[in-house]
Amino acid sequence: MTEKPFLKRFLNLRVILFIGLALAIVSFIGGSVGAMFRNSSPLVFLATSSPQPVLPAEKPFAGLFVTNTMIASWISILVLFGLFFFASRKMKLLPGGLQNLVEFFCEVAINFTDDVAGKKWGRLFFPVCFTIFLFVLTNAWLDLTPGFGTVEMNGVPLLRNANSDINVPLMLAVVSFCFVEYQGFKAKGASYLQKFFNFGLLACGFRQLFSGRFKNGLKDTFMGIVAVFAGFIEGLSELIRMISFTFRLFGNMLAGTIVVMVMIYLVPWVIPSLFYGLEALLGFVQALIFAGLTLGFLTMAVTSEREETS
Amino acid sequence: MAGLGLDLPTFISQLISFLILLALLTFFGYKPIRAMLDQRARKIKESLEREEDTKRKYEQAQLTVQEEIRKAHEQGQDIVIRATQTGREIAEKAEQEAEQEAQAAIKRSRAEAQRERTRAIDELRREFVDTSILAAEKIIEETLDKEKHRSLIEETLKESVTFKES
């Protein structure tokens, strides 16, 4: 009697696997891949339009500058706002339901930021880092909801993954960059700029050269030139970091969308589901990387070298 | 870059959207949630402190109770000892009183006996006098002055008694 449910479950799993495999085979043979081997067109119920990825965001409403990625990001904002609004509307000391769920994730994120940046800075960095994380994640996962890109208006999809529009990753990178520099400047004052404009040693070298101490002067001038160059490289790396932020997210998200699109074209059934799962994971990882790196750079910006070495 | 879709109005629009989201989440999400988490942490800390305090008070009360029990025990012992001592004293006193009373009774009895004896002797003496008078009267058949006679005999007897006692 006790073995029956297990057997039943096992059989069910086997049946599901069998059906899945059958559908995959049918869609493989009947779809675009099979059609290529069969030298004919795909079966009617398996025929999908060939993927035509478009890089720039499109405008579904003629005459309006509103793009489909804008609409998607507004939906993300509404979803996140709704989630937090309803979770924090009637807060109780003993949480339950939505409040419990949101509080749990917030607490995990707070602990993470506190661990990385310390309690003092973690409290300050948490809102920006966690909002970046949530925004990227919601944009990515919203793309995976059924029917997301299927509604069209004027021949243009009404919704599109906001992360796959280069303006969104760039905007996030600019926000991250500005916040890092602002916090660094706020924490260290004018000395923060020394990281980029380090002329002290060079000036000292010149002074020594003009005062006749050639040996030390040459040495310090050389080291000063190296320091100025290092400062230039440092400044450049901050800007390049912004570009790498942008293209990491943009590339991953766009590639993910294109992969799913291509898989739907090649094998319309079953196989794209696996890529959907992969995309869900990828969205989470990208959100974590973006927010985590921002947090890391923030911590580096506000921590003095003395603290770092100690 | 235009091929990638880089567009300033879209960029600005997305930036504004993100900043709005940041503000909304900060004011409607993070702040109340953070306050609630802090409040809960404070409550838990307070509860733990209260529990610790209660435990400490309980232990202290337990010690006080034990001390009180010990004191009461000592007092009880003391009372028992005192009661025993008092009982013993009372018994001793009663014994002494009884003995005193007995002694007094004996003394009284002795005095009574002495008195009875004296009275009996007096009685006997009087009877003897009377008998002697009668006998003398009969013998000498001569009526003597009775009172004079009596005093004569009394004197004689006294002399004889004094003589005997000496």
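A, B, ... follow the sequence lines: proteins, then strands. Residue 1 opens every chain.
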For the student: nearest non-hydrogen atoms of [X] and [Y], plus distance:
{"X": "B:L22", "Y": "A:P127", "result": "CD1-O, 3.6 Å"}
{"X": "A:M171", "Y": "B:L15", "result": "CG-CA, 3.4 Å"}
{"X": "A:F84", "Y": "B:G29", "result": "CD2-CA, 3.5 Å"}
{"X": "B:R40", "Y": "A:Q99", "result": "NH2-NE2, 3.9 Å"}

Around atom [atom1] of [X], are there more than 12 heavy atoms from other residues, nucleotides or ligands closer than 6.0 Å?
{"X": "A:F284", "atom1": "CZ", "answer": "no"}
{"X": "B:E51", "atom1": "CD", "answer": "no"}
{"X": "B:E99", "atom1": "CD", "answer": "no"}
{"X": "B:E95", "atom1": "CD", "answer": "no"}
{"X": "A:F112", "atom1": "CZ", "answer": "no"}
{"X": "A:F177", "atom1": "CZ", "answer": "yes"}
{"X": "B:E116", "atom1": "CD", "answer": "yes"}

Side chain, backbone, both or neither of [X] within contact of chain A (heavy atoms, under 4.5 Å):
{"X": "B:T26", "answer": "side chain"}
{"X": "B:L37", "answer": "side chain"}
{"X": "B:S13", "answer": "side chain"}

If you count heavy-atom pairs under 4.5 Å with chain A, which of B:K43, B:K31, B:R34 comes out on top?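 Option with the top pair count is B:R34.
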From [X] [atom1] over to [Y] [atom2], what is the distance, rounded to the nearest 0.5 angstrom?
{"X": "A:W74", "Y": "B:L21", "atom1": "CH2", "atom2": "CG", "result": "14.0 Å"}
{"X": "B:I33", "Y": "A:C106", "atom1": "CD1", "atom2": "SG", "result": "4.0 Å"}
{"X": "B:L25", "Y": "A:F85", "atom1": "CG", "atom2": "CZ", "result": "13.0 Å"}
{"X": "A:K59", "Y": "B:D7", "atom1": "NZ", "atom2": "CG", "result": "5.5 Å"}

Do you know which of [options] has the most heavy-atom pairs with chain B at a distance under 4.5 angstrom?
{"options": "A:L78, A:N167, A:V66", "answer": "A:N167"}
{"options": "A:V174, A:L55, A:T131, A:V54", "answer": "A:T131"}
{"options": "A:I132, A:L80, A:L170", "answer": "A:L170"}

Measuring heavy-atom distances to chain B, does [X] have an atom under 4.5 Å in its side chain, in its backbone, in both, or in neither?
{"X": "A:L172", "value": "side chain"}
{"X": "A:S76", "value": "neither"}
{"X": "A:L134", "value": "side chain"}

Should the pair A:F130 and B:Y30 be assigned to parallel (<30°), tilted (30 to 60°) or perpendicular (>60°) ring geometry? tilted
So, is the end of the A:R89 side chain (NZ or CZ) under 6.0 Å from the ring centre of B:F28 and within 45° of the ring's axis?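 No.
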One pair to check against side-chain contact (heavy atoms from CB on, under 4.5 Å): B:Q14 and A:S73. What are the steps and the verdict? CA-CA 8 Å; B:Q14 294 287 10; A:S73 65; 2.9 Å; yes
